[in-house]
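One structure is given below, encoded as structure tokens.
First the proteins, then the strands, lettered A, B, ... as listed; each starts at 1. Quick caveat, the model's predicted, so the values are computed rather than measured.
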Amino acid sequence: MNYWLMKSEPDVFGIDHLQKMPKKTDHWDGVRNYQARNMMRDQMKKGDLVFFYHSNCAEPGIVGIMKVVREGYPDHTAFDPSEKYYDPKSDPDNPRWYMVDVQYQRKTKRLISLQELKGYRELEDCPLVRKGNRLSIMPISKKQWDFILKLENRKAA
DNA sequence: GCCAACGTTGGC
DNA sequence: GCCAACGTTGGC
């Protein structure tokens, strides 16, 4: 099993949105970055666990946990000209963009902020805390995953 | 709202 | 294949 972190802007699609979806499940559409695409298409497997991360907001950080419930399949929003992330170069016969389905598991006991995460040596290898990182999906090692989960029970640093 | 960092595009 | 220009991300 693998572990991941996925970013989303809470104003656009936050963890509350996911929680309110039917079956608490939604497809993670709109990713238009090849590195992230490759991970969804090739590496994310059913049952993998994912941190839900709120980005571009007052308090960026990890807010919850979700699970991959469907493996990579074509992102149909790329085919629809009325969609914000329409990409005329993505052909239904040869799709350029992929997505996975994720299901809400739970919120973390507290928001684990980026600022806090940046302070731990255990996480210095994680792309999340590196300057200029813009990857919206990234792998998290089991060690890092377990470490972050333990932070939940601490007081905010 | 600013701006640094980065990815993508397209001319050559 | 290089690289400048441009657009986007995302923290602050």
Enumerate, atom names and distances included, each donor-acceptor pair closer than 3.5 Å involving a side-chain atom of residues 56-72 of chain A, sequence neighbours excluded.
unit_1: A/N56; atom_1: ND2; unit_2: A/E9; atom_2: OE2; d: 3.3
unit_1: A/E71; atom_1: OE2; unit_2: A/K46; atom_2: N; d: 2.9

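Screening residues 30-52 of chain A for ring-ring contact (aromatic ring centres under 6.0 Å, His included) gives A/W28-A/F52, A/Y34-A/W97, A/F51-A/W145, A/F52-A/H54 as the qualifying pairs, with residues at least two apart or on separate chains. Residue pairs that meet the ring-ring contact (aromatic ring centres under 6.0 Å, His included) test with at least one member in residues 75-96 of chain A, sequence neighbours left out, are A/H27-A/H76.
With sequence neighbours excluded, the residues satisfying side-chain contact (heavy atoms from CB on, under 4.5 Å) with A/D42 are A/N38. With sequence neighbours excluded, the residues forming a side-chain contact (heavy atoms from CB on, under 4.5 Å) with A/K89 are A/D87, A/R96, listed by chain and number. Among residues two or more places apart in sequence or in another chain, the side-chain contact (heavy atoms from CB on, under 4.5 Å) test is passed with A/K142 by A/Y3, A/D146. Residues passing the side-chain hydrogen bond (donor to acceptor under 3.5 Å, both in side chains) test with A/Q19, sequence neighbours excluded: A/Y104.
DNA chain C is contacted by no residue of residues 91-101 of chain A, taking any non-hydrogen atom closer than 4.0 Å.
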(request) Give the B/S/- string for nucleotides 5-12 of chain C, one per nucleotide from 5' to 3', where a protein heavy atom under 4.0 Å of the base yields B, of only the sugar-phosphate yields S, and otherwise -. (result) --BBBBBS

